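Below is one structure, written out as structure tokens; comments come after it.
Note that the structure is predicted; figures quoted are calculated from it, not measured.
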Amino acid sequence: MAAGEWVLHVDLDQFIAAVEVARRPELRGKPVIVGGTGDPTERAVVATASYEAREFGIQSGMPLRTAAKRCPDAIFLATDAPAYQEVSDRVMAVLREFPVVVEVLGWDEAFLGVTTDDPEALAADIRREVAEETGLSCSVGIGDNKLRAKLATGFAKPAGIFRLVQDNWWDVMAERPTDALWGIGSKTTKKLAEAGYHTVLELAGADPADLAARFGPKLGPWYRILAGGIGDAEVTATPYVARSRSRETTFQQNISDPEAMAAEVVVLAKRVSQDVAEEGRPAARVAVKVRFAPFQTHTHSMTLPARTSDPAEIEKAALAVLGMFDLGRPVRLLGVRAEFLSATERSASP
């Protein structure tokens with residue numbers, strides 16, 4: 001990057017919970033958990049939790065029933081996607097008032113391409129303006145690429161600013177576990193540890209050939225690149241485009257009948273087909289998610305012979321993918337997802 005060019009990552013603090021607290025000020029300072037219909041006796045997972053609730057070990061993706069056991073006094077609320085989208089749009093509008101390039105990542109985060117001699121001062125201005133215009137708090141990570149800016153935000157939270165660049169990368173990251181890297185999850189971290197790579201520094205010094213042999217010719221060497229803090233620095237102002245549209249159902253009682261599962265997949269496929277039609281882009285792949293009792297989740301997918309928005313074709317593919325599963329166990333959740341081609345894939349396709 002040229003001198004004075006930076007990537008900022010703006011991340012709204014406890015976004016969904018913050019929106020709910022803004023609507024209900026009496027909830028401020030209390031443990032708030034948002035997910036499903038807001039009924040912790042039903043099968044659903046935590047969408048987000050306030051910092052007060054997180055002190056009890058509650059995390060996104062955790063079953064609501066588990067969250068209720070850990071924090072019996074928590075206040076449970078139903079998710080309200082339209083409300084979150086409306087607030088997100090307001091925040092992104094505030095960011096676009098600054099002399100920056102805004103690349104929206106989702107409801108609660110965005111990369112900013114910035115040219116300034118004082119990124120911390122700009123970050124402080126952004127934090128102040130977002131708070132004044134929306135009442136929400138945000139954290140800002142400053143980096144010389146997207147990877148470092150994204151990771152910097154984690155050190156900035158809550159409500160702070162942090163710079164992570166080449167000059168301080170090893171001081172900050174060297175001894176941290178590999179799952180501290182954006183793009184490496186718990187399963188990969190376990191496999192890396194089994195291979196002898198426990199820290200970011202160890203992974204950065206790994207033999208690329210060894211990583212390629214263990215994790216594949218693309219993923220293996222890519223993990224080493226991540227450990228060096230190397231990443232894309234280009235921020236584009238293209239509108240956020242969904243990569244997929246999905247629907248899922250969590251059953252309040254496990255189902256074991258394969259015919260009942262197939263019937264539910266048909267219903268979900270029809271709903272996804274409607275979403276695809278509204279999106280105005282044909283689906284390229286169809287995936288099915290199955291969560292077996294007690295909580296094991298597996299996903300299979302298939303590439304469609306040709307991109308389509310035809311509900312019959314999407315339904316046919318979803319049923320075919322469902323047939324890839326061993327359905328001899330009780331099921332607690334089913335999901336269907338239609339995936340679109342990325343911009344790169346579209347440009348490469350005939």
Side-chain angles (χ1 to χ4, degrees), residues 1-14 51 54-55 59-60 100-101 103 105 108-128 130 137-212 214-215 219-235:
M1 298 182 70
E5 292 187 1
W6 304 91
V7 177
L8 271 57
H9 179 251
V10 178
D11 196 341
L12 293 162
D13 298 323
Q14 55 174 3
Y51 289 126
R54 295 180 195 183
E55 292 179 358
Q59 301 175 342
S60 298
V100 301
V101 178
E103 182 176 331
L105 299 183
D108 60 347
E109 59 179 328
F111 283 122
L112 308 183
V114 173
T115 300
T116 178
D117 292 330
D118 192 345
E120 277 81 7
L122 178 59
D125 288 343
I126 289 170
R127 289 198 64 256
R128 181 172 56 253
V130 169
S137 168
C138 67
S139 298
V140 182
I142 300 169
D144 46 12
N145 60 38
K146 288 181 176 178
L147 170 65
R148 288 175 174 148
K150 172 79 171 180
L151 294 178
T153 313
F155 297 107
K157 283 186 170 290
I161 299 168
F162 191 87
R163 182 191 293 205
L164 182 61
V165 294
Q166 184 177 357
D167 289 347
N168 67 339
W169 175 258
W170 299 116
D171 289 340
V172 175
M173 298 296 297
E175 300 306 317
R176 295 186 180 276
T178 56
D179 62 0
L181 295 168
W182 182 32
I184 295 183
S186 58
K187 291 182 179 179
T188 301
T189 296
K190 182 178 179 181
K191 292 179 181 178
L192 287 169
E194 292 171 351
Y197 308 117
H198 299 86
T199 67
V200 171
L201 182 61
E202 289 173 344
L203 181 56
D207 180 357
D210 178 56
L211 290 174
R214 292 176 182 273
F215 300 98
L219 274 182
W222 180 65
Y223 292 149
R224 184 174 182 269
I225 291 172
L226 283 181
I230 300 169
D232 180 21
E234 182 180 1
V235 178

Given 3.5 Å as the limit, does a donor-acceptor pair link the side chain of [X] with the main chain of [Y], or not?
X	Y	answer
Arg224	Leu203	no
Trp6	Thr116	yes
Asn168	Asp171	no
Thr188	Ile184	no
Asp210	Asp207	no

If you look at every heavy atom in [X] and [Y], which pair is closest and at what distance?
X	Y	value
Ala233	Val7	O-CG2, 3.6 Å
Leu12	Cys138	CD2-CB, 3.9 Å
Trp170	Ala227	CH2-O, 3.4 Å
Arg127	Ala159	NH2-CB, 3.3 Å
Pro221	Leu211	N-CB, 4.2 Å
Asp232	Asn145	O-CB, 3.5 Å

Worksheet item: Taking NZ, NE, NH1 and NH2 as the nitrogens, is one of them in Lys150 or Glu109 under 4.0 Å from a carboxylate oxygen of the other?
Response: yes
Within-4.5 Å side-chain heavy-atom neighbours: [X] and [Y]:
X	Y	result
Leu151	Phe162	no
His198	Pro177	no
Val10	Leu112	yes

Distance (rounded to the nearest 0.5 Å) between [X] [atom1] and [Y] [atom2]:
X	Y	atom1	atom2	answer
Glu175	Thr199	CD	OG1	5.5 Å
Ile142	His9	CD1	NE2	13.0 Å
Ser137	Lys157	OG	NZ	7.5 Å
Thr178	Met173	OG1	CE	10.0 Å
Gln14	Ser139	CD	OG	10.0 Å
Thr189	Leu181	OG1	CG	8.0 Å

Practice prompt. Kindly determine whether Val100 and Leu8 satisfy side-chain contact (heavy atoms from CB on, under 4.5 Å), including the steps that lead there.
Written response: CA-CA 10 Å; Val100 301; Leu8 271 57; over 6 Å; no
Discussion item. side-chain contact (heavy atoms from CB on, under 4.5 Å) for Glu234 and Glu103? Distances and angles first, verdict last.
Written reply: CA-CA 10 Å; Glu234 182 180 1; Glu103 182 176 331; over 6 Å; no
Worksheet item: What orientation do Phe111 and Trp182 show, parallel under 30°, tilted 30 to 60°, or perpendicular over 60°?
Response: tilted
Discussion item. Does Leu192 form a side-chain contact (heavy atoms from CB on, under 4.5 Å) with Phe215? I'd like the steps, not just the answer.
Written reply: CA-CA 9 Å; Leu192 287 169; Phe215 300 98; 3.5 Å; yes
Fill in: Worked check of side-chain contact (heavy atoms from CB on, under 4.5 Å) between Trp169 and Asp144
CA-CA 11 Å; Trp169 175 258; Asp144 46 12; over 6 Å; no
Worksheet item: Is the number of heavy atoms from other residues, nucleotides or ligands under 6.0 Å of Lys191 NZ greater than 12?
Response: no
Item to complete: Could you tell me whether Gln166 atom CD has more than 12 heavy atoms of other residues or ligands within 6.0 Å of it?
Response: no
Practice prompt. Compute whether any side-chain donor of one residue and acceptor of the other, for Asp11 and Thr153, lie under 3.5 angstrom apart.
Written response: no
